[in-house]
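Below: one structure, written as structure tokens.
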There are 2 protein chains.
Amino acid sequence: MKLLENPLFHGVSAGELEEMTRCFEMEERKFREKEEIPIHKNVGILLEGSVSINRLNADGSLDMLEYMSDGGIFGSFFSLFEEMGDLIVICEKSCTVVFIDTCHITKRCSRACHHHSLVVENLLNLMTEKVHQLSEKVEILSHRSIRGKLLCYFQFQQNKTGNMDFSLPFSYSALASYLCVDRSAMSRELKKMKNEGLIQMQGRKITLV
Amino acid sequence: MKLLENPLFHGVSAGELEEMTRCFEMEERKFREKEEIPIHKNVGILLEGSVSINRLNADGSLDMLEYMSDGGIFGSFFSLFEEMGDLIVICEKSCTVVFIDTCHITKRCSRACHHHSLVVENLLNLMTEKVHQLSEKVEILSHRSIRGKLLCYFQFQQNKTGNMDFSLPFSYSALASYLCVDRSAMSRELKKMKNEGLIQMQGRKITLV
DNA sequence: AAAGTCATGTTGCAAATGCAACAGAAAGAA
DNA sequence: TTCTTTCTGTTGCATTTGCAACATGACTTT
């Protein structure tokens with residue numbers, strides 16, 4: 001995905017983008033699978049590949065908070081834990097990331113450039129989307145049982161594809177981590193649901209009945 | 001709290017606010033306890049009192065998603081469910097709310113007024129805060145046990161006051177609802193934690209040891 | 001005063017969940 | 001290929017949790 005196509009630059013022309021690249025001191029970097037992506041005080045825009053956003057626990061283990069692909073945005077605006085220094089972004093599929101230092105966005109541009117307000121407005125829309133994503137996760141986690149969480153998650157996925165079936169974007173282990181439940185217990189529950197005819201599973205393809 | 005003091009209008013003068021009130025067609029309304037606050041496509045700014053944001057379940061019961069006081073902001077920007085039509089805002093303590101139709105904020109002002117970009121920038125900061133709040137809730141709910149959720153919630157409260165102790169902003173029933181756990185089970189767990197010397201409780205005042 | 005409502009405390013019990021441990025399958029690296 | 005790692009499926013068991021039911025006290029309403 002091209003930078004210009006990213007929602008953050010919606011309404012910006014190619015020429016303007018060129019100018020902004022300098023004005024915002026944007027930097028492009030590539031990462032390979034499993035590599036950790038440094039975030040500091042930057043906003044990261046994912047042009048290609050996919051990454052996971054994880055929280056580092058006291059015991060050294062990781063909880064996946066999010067998983068995103070092309071066009072995804074991550075950084076200090078979007079999460080509580082970055083400030084706490086225990087947020088870890090990991091490249092899942094080799095990716096290209098454009099970094100922008102937050103201060104270029106937050107602070108008013110001394111050159112009073114016109115693009116600035118446009119980007120702020122776009123960022124606002126992205127934040128809205130991010131709030132929706134978080135609300136979605138809260139909604140999922142608010143269900144008390146594993147089955148409840150699974151069904152809720154499945155329904156969200158189903159709504160996104162529009163079809164009755166969809167594919168998990170990651171492994172079942174990762175799903176358990178995302179849902180904050182025990183993997184084996186989840187596996188057990190999935191089997192039950194399959195037996196009860198609630199769902200069909202073929203590998204990572206799932207069909208809600 | 002005065003409207004001018006609200007973070008949404010940070011950096012705006014009294015005169016400008018006057019102008020904006022017309023430009024944005026802002027409307028002020030009062031509500032009494034237990035009253036439902038209609039939201040439509042508005043942003044609501046809470047000047048006085050407090051409200052709860054609840055989700056309406058299929059069975060007619062309500063889950064509290066949030067509880068906010070003076071200066072709080074709610075509306076379509078801030079939650080997933082409003083669009084789904086099952087979000088219900090309820091006045092908890094008699095309150096005053098200022099409504100702004102979202103379109104006045106989202107769309108570029110035809111009069112190209114200067115305040116507009118300022119408000120968008122402020123709104124961006126508010127969204128950031130909202131993202132943090134949601135991340136906080138996700139963090140709380142990501143703990144698997146009731147004890148884990150309680151301790152996590154307590155620590156957040158503690159950090160906010162800065163002291164070792166703090167007071168619940170609502171009832172224990174409401175807390176259980178907020179944490180998405182069974183009230184009686186939570187009550188049982190709190191007793192255990194008290195006996196183990198992890199916490200001290202005097203009514204709704206809690207001290208982390 | 002009497003009735004009703006709500007917050008809180010308590011308990012037994014069935015069901016759900018987490019945990020630990022193990023094993024085969026699949027995928028990737030050497 | 002072989003070796004290694006990760007993913008996945010499974011099971012027993014102790015613990016936790018949700019649920020239902022009931023009791024009490026504070027407060028409000030009639």
Side-chain angles (χ1 to χ4, degrees), chain A residues 32-35 52 54 57 59 61-64 67 90-94 140-153 167-196 198-206, chain B residues 32-34 52 54 57 59 61-64 67 90 92-94 140-153 167-196 198-206:
Chain A
R32 275 167 305 182
E33 230 162 288
K34 311 270 167 120
E35 215 174 335
S52 63
N54 306 274
N57 295 316
D59 67 349
S61 66
L62 291 179
D63 279 341
M64 181 169 58
Y67 184 95
I90 291 180
C91 171
E92 297 288 338
K93 290 175 192 161
S94 55
I140 291 168
L141 294 184
S142 73
H143 291 268
R144 303 178 182 187
S145 64
I146 292 181
R147 175 174 300 209
K149 292 185 173 102
L150 281 169
L151 284 175
C152 183
Y153 175 79
S167 280
L168 291 184
F170 39 50
S171 71
Y172 282 96
S173 306
L175 177 59
S177 167
Y178 180 75
L179 300 181
C180 305
V181 297
D182 181 76
R183 184 196 59 81
S184 69
M186 186 189 84
S187 179
R188 186 197 284 147
E189 192 64 32
L190 279 168
K191 194 178 162 193
K192 267 197 217 170
M193 291 164 71
K194 203 167 56 179
N195 288 338
E196 293 175 28
L198 277 172
I199 56 169
Q200 287 171 8
M201 294 167 60
Q202 301 129 86
R204 291 181 185 171
K205 197 179 124 192
I206 295 175
Chain B
R32 276 166 303 181
E33 230 162 290
K34 312 269 166 120
S52 63
N54 307 272
N57 295 315
D59 67 350
S61 66
L62 291 179
D63 278 341
M64 180 169 60
Y67 184 96
I90 291 181
E92 296 289 338
K93 290 174 192 164
S94 55
I140 290 169
L141 294 183
S142 73
H143 291 268
R144 302 175 182 189
S145 65
I146 293 182
R147 175 174 300 210
K149 291 185 173 104
L150 281 169
L151 284 176
C152 184
Y153 175 79
S167 280
L168 291 183
F170 38 49
S171 71
Y172 282 95
S173 305
L175 178 59
S177 168
Y178 180 76
L179 300 181
C180 304
V181 297
D182 182 74
R183 185 195 59 81
S184 69
M186 185 188 84
S187 178
R188 187 197 285 147
E189 192 63 31
L190 279 168
K191 196 178 161 192
K192 267 196 215 169
M193 291 164 71
K194 202 165 59 179
N195 288 339
E196 294 177 25
L198 277 171
I199 56 168
Q200 287 171 9
M201 295 167 60
Q202 302 129 85
R204 290 180 186 172
K205 197 178 123 192
I206 294 175

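Everything quoted here is computed from the prediction, not taken from an experiment. The figures here come from the full heavy-atom set of this structure, side chains too, leaving out hydrogens, waters and symmetry mates. Below, chains carry the letters A, B, ... as their sequence lines are ordered, and counting in each starts from 1.
Taking the six-membered ring where tryptophan is involved, the planes of Tyr178(A) and Phe170(A) are tilted, since the angle between them lies from 30° to 60°.
Each end of the helix from dA1(C)-dT30(D) to dA30(C)-dT1(D) yields a helix axis from five base pairs, and these two axes differ in direction by 50° (to the nearest 10 degrees).
Taking atom CG on Leu190(B) and atom P on dT17(D), their separation rounds to 12 Å, with Å as the unit. The distance between atom CG of Asp182(B) and atom P of dA21(D), rounded to the nearest whole Å, is 13 Å. Atom C1' of nucleotide dT29(D) and atom CD of Glu33(B) are separated by 14 Å, given to the nearest angstrom. The distance from atom CZ of Arg183(B) to atom P of dC19(D) is 13 Å, rounded to the nearest whole Å.
Donor-acceptor pairing under 3.5 Å, judged by distance alone, is absent between the side chain of Arg147(A) and the base of dG18(D).
Along DNA chain C, read 5' to 3', the first and last nucleotides having any atom under 4.0 Å from a heavy atom of chain B are dA7(C) to dC19(C).
Looking at Glu196(B) and Lys191(B), no side-chain N of the basic residue comes within less than 4.0 Å of a carboxylate O on the acidic one, giving no salt bridge.
Defined by atom type and a distance below 3.5 Å, a donor-acceptor pair is missing between the side-chain atoms of Ser94(B) and Glu33(B).
For dT10(D), one of the phosphate oxygens OP1 or OP2 lies less than 4.0 angstrom from a side-chain nitrogen or oxygen of Lys191(A).
Each of Arg188(B) and Ser171(A) has a nearest nucleotide on DNA chain D; the 5'-most of these lies closest to Ser171(A).
The nearest pair of heavy atoms linking Cys180(A) to Leu141(A) is SG-CD2, 4.1 Å.
Counting non-hydrogen atoms under 4.0 angstrom, Ser187(B) reaches a base of the nucleic acid.
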